[in-house]
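Just so it is clear: chains get the letters A, B, ... in the order the sequence lines come, proteins before strands, and each one is counted from 1.
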Amino acid sequence: MSDARFVNQRMVGSSVIPDEAIPLVEGDGRFLNDIKLPGMYHVAFLRSQHAHARLIAVDASEARKLPGVIKVLTGQELLGKVDPFRSMPNRFSGGESIQHWLAVDKVRFCGEAICAVVAEDRATAEDAVDLIKVDYDPLPAVTDPRLGELDGAPLVHEACANNYLIKREYERGNVDEIFRDAHTVVKRKFKIGRKQALCLEGRGCVAGYRENTFTLTVWMSHQLPYVVRHYLAKHLRMAETDVRVIIPHTGGGFGQKASIYPEEFVCAHLALTLRRPVKWVEDRIENMVASTHARDQTIELELAADKDGHILAISSDIWVDVGAYSTYLWSAGMEPLQTAGLMPGPYRIGAMRYRTRGVATNKTPVGPYRAVGRPSASASLELLIDEMARKLKLDPVEVRLRNLISEEAMPYRSANNLVHDNVNYIPCLKLSVLKSDYDRQRAEQREALASGKLRGIGVACFAELTGLGTSTAVGPGTLLQPGRDAATLRLETSGVLTIAAALPSQGQRIMTAMRQVASDELGIKLEDITSITNDTATAPYGFGTFASRTAVFGSGAVIMAARELRKRLLAMAAFLLKVPVEDLTIVNSVIQTVDRSRSISLRDMAEKSYFSAKDIPQELNQGFEVTSFYDPKFGSFAAGAHVVVVDVDPKTGHVEIVRYVATEDVGTVINPAVVEGQIVGGIAQGIGEALLEELVYDDAGQPRTVTLADYLIPSALEIPRIELHHANTPSAALGGFKGCGEGSIIGALGAVACAISDALSRKGGDIHSFPATPERVLKGLGVLPGDA
Amino acid sequence: MAREQQIKLTVNGRSYEKTVPARLSLADFLRDHLHLTGTHLGCEHGVCGACTISMNGRSARSCLALAVQADGAEIVTIEGLRAEDGTRHPMQQLFLENFALQCGYCTPGFLITAIELLRDNPKPTEHEVREAISGNLCRCSGYQAIVDAILAASRLELA
């Protein structure tokens, strides 16, 4: 039982200003590139200029002669010394891909690393890269998954017939029969471009040799310190106890820093063999071609409904361009399997069928990025629901209200086998409708249309499965079940509490959140609690930060550890104060009797326990240090409903968002201002996805978008003011928490897409491909020729 | 052209005389030679604004300038925003209080840009704020909290 009622003010629910942000605002952040070690070398990579080619010869003799160059490492030299990345086994695998850390024999995408140059400084390393001569024998490139899956297409990997890295068919219910008998059937296609997480800070690492007591210490801009440690040890054939991984301040992650990549592993190998620290920092062009891409789905979706607009079944066909390799750890199944499997979203859908494939192409591999699969799945279904609504002459809000899973229907098992419970789908939509004054928006839309302005309104509802426990695989089809994380609570000799957990932050303020939770659980003042989350040498085991899990796992483990620690604290206090343990409580870092007649501060007790323990029975003095693991077993659904109003300029194709109202259910909120930042930031990325962001390749597999001048992310001018509301309901997880990191990006793509489609439909147009660039909008209006 | 050159400049109120490679960027000079790592590099071609510093009273992209171009210049970086007694600049404080940063990588550039904006236009509208910071990219925040922090700073001057 929580004794939070004895605390003067609950910290959970308060917008506590995060101490952890102070160094960042004062210019004292320590990001990867800020780390320097004595005698440190610098690494630069030679990268493939071709999308697909045989490597005939690599001549580094000139590079090796350049003063300041220490070593040029090739893929051949690594053979047999380290273990390459074999694609993670997946039940739905189409064949194995093997990724050498440095290319051997073949290159399979532009930007694939071929050589690593080690030099005294980065500029010299880059100079040397330019001196390496590579003899390529170009091969036909696969750049379109619809062509790549055809018989006779060039193969990216010999072991993957028809270039399938992933393939799955699924059916629940008699879908054919339902479609045959349905009153209404609607169908449409949906395409979303290839995109990039675009962390402002790229990847990077410093690998140190024999720092402190560890053979290998790696500082890495990454989200999963223990996972990195495990795989470094495995692939370098070391004991993992000889490896320490430290995560410095990290300039954005969004899933891009949750995969295992070759470059950092090459650096670790170099540090071990050169017996010197080495550093590699990804520059922007490298980041655009060598860090995972995302999305790039083609979806053909059909929906069967009755005459009242109730969805009876959905059926989809999905192609994902997953790039050249199965992304290490997660496999190539992330986008293909999640896009297909999570298609039903928050709706009552009793029957579904899909055929989905991840087709290998000669492009940068696709990996996890914020809300994997769901934005495309959700947007395609939302667009189709609107189409059904138009056909049945129903309002988009009304048709959604008829299909959302109601609270009365919960727990509800959807056709994809996921159980929805403790989640407010309908209240979210109703609140967004109310707050946006939806009916007035429709009236104003009619007025705008009458006066020649092209205005559209989009409504999108979504479900977001967060905080996944061990019973729900994060990487579908794989054995990865990272649903169990630990926190260690330790009362230091001064009475200050340290929370340690391997849950590094990329700005989510997880340290602050865990401090708030611990403060309420233990009655310890917030300023007496500190936290460490980034170091395998000091934090207990945990999977790290991804998949909207950190607040759920960090808080759950903190609550469990706090309960045990509380018992120990009160037991010792009872002994020292000679009162029954039931009479004691902890308030403001002091243990006191309920009548306040006797008390001892945590500081005094910690000092006694550590320094003057002579008279304390040993069984009472087992240390004020507790580690607990938390596994919520299942996930918790978060939810939201967004209402967006856009104006489309029919002459230029420009889309302007004039109103954005979002309501979300993110469970019990720990820090409202932090949560708001997560949601608004997610919406901004979703708006970028809907309007701007697209990685473009030519037919030969050459990337055309390798700078921030070509690949556009939203600036402050493209993002409107977001009006945010809550319809929260606690989850079944400890503390009632849900994840809030990803949901909003799902709603943003769907709502903006629906708003644009709504606007275009008023002029008989439509749009199927996103982002909705001005060119595509004009095509959708028939102003420009071609398919939108 | 000489491979190295001597430069003399003031950074955060302190004078420096250094010999630097001609090809060294101002950002790398600040970070690697003066150890002022608060200035961050996000794109190295002048788009993202993370490396924005103040040079002779105007905001400038330190990734696009060479160190030798800063000869004789007066430069302020994020490390120079605090008062001598260590008190945070009001803009730093308001970024903190408004939750205007998440990962914090873009923050140094935003602070410099925001301070310049309010110097030139003490009472900007929300649109003017958005316009002024449109050359600085933030991937985490959706800009709303940053805009609010700057608007809060503009109101502060009234008091």
Contact winner vs chain B - [options], heavy-atom pairs under 4.5 Å:
options                                : value
A/Ile713, A/Ile687, A/Val674           : A/Ile713
A/Pro720, A/Ala716, A/Ala684, A/Gly677 : A/Ala716
A/Gly29, A/Ser505, A/Ala123            : A/Ala123
A/Glu201, A/Met288, A/Gln506           : A/Glu201

Neighbour count above 12 (heavy atom, 6.0 Å) for B/Arg119 CZ: yes
Crowding at CZ, A/Arg704 (>12 non-hydrogen neighbours, <6.0 Å): no
Any side-chain donor near an acceptor of the partner, [X] and [Y], under 3.5 Å:
X        : Y        : value
B/Ser59  : B/Glu116 : yes
A/Asn287 : A/Glu282 : yes
A/Asp127 : A/Thr124 : no
A/Lys279 : A/Tyr41  : no
A/Gln678 : A/Glu676 : no
A/Gln196 : A/Gln256 : yes
A/Ser221 : A/Arg203 : no
A/Glu20  : A/Thr512 : yes

Heavy-atom contact with chain A under 4.5 Å, split by part of [X]:
X        : result
B/Val147 : side chain
B/Tyr105 : both
B/Arg31  : both
B/Leu96  : both
B/Arg139 : both

Considering only heavy atoms, which portion of [X] lies under 4.5 Å from any heavy atom of chain B: side chain, backbone, both, or neither?
X        : answer
A/Ile683 : neither
A/Ile285 : neither
A/Asp19  : neither
A/Thr250 : backbone
A/Asp28  : side chain
A/Arg721 : both

B/Tyr16 and B/Thr10, any side-chain heavy atoms less than 4.5 Å apart: no
Close approach to chain B in residues 739-746 of chain A, criterion heavy atom under 4.5 Å: none
Tell me which of these, [options], has more heavy-atom pairs under 4.5 Å with chain A than the rest.
options                              : answer
B/Ser141, B/Pro108, B/Pro21, B/Ala50 : B/Ser141
B/Asn98, B/Ile146, B/Asp32, B/Asp28  : B/Asp32
B/Glu131, B/Glu126, B/His89, B/Glu79 : B/Glu126
B/Ala100, B/Cys103, B/Gly38          : B/Cys103
B/His127, B/Met91, B/His40           : B/His40
B/His35, B/Glu97, B/Gln92            : B/Gln92

Main-chain N/O of A/Asp34 paired with B/Thr37 side-chain donor or acceptor, under 3.5 Å: no
Worked check of side-chain contact (heavy atoms from CB on, under 4.5 Å) between A/Ile722 and B/Gln144: CA-CA 8 Å; A/Ile722 313 292; B/Gln144 194 147 304; 3.6 Å; yes
Salt bridge B/Glu128-B/Lys123, side-chain N to carboxylate O under 4.0 Å: no
Presence of salt bridge, A/Arg122 and B/Glu44, under 4.0 angstrom: no
side-chain hydrogen bond (donor to acceptor under 3.5 Å, both in side chains) evaluation trace for B/Tyr143 with A/Glu718: CA-CA 10 Å; B/Tyr143 302 101; A/Glu718 285 81 47; over 6 Å; no
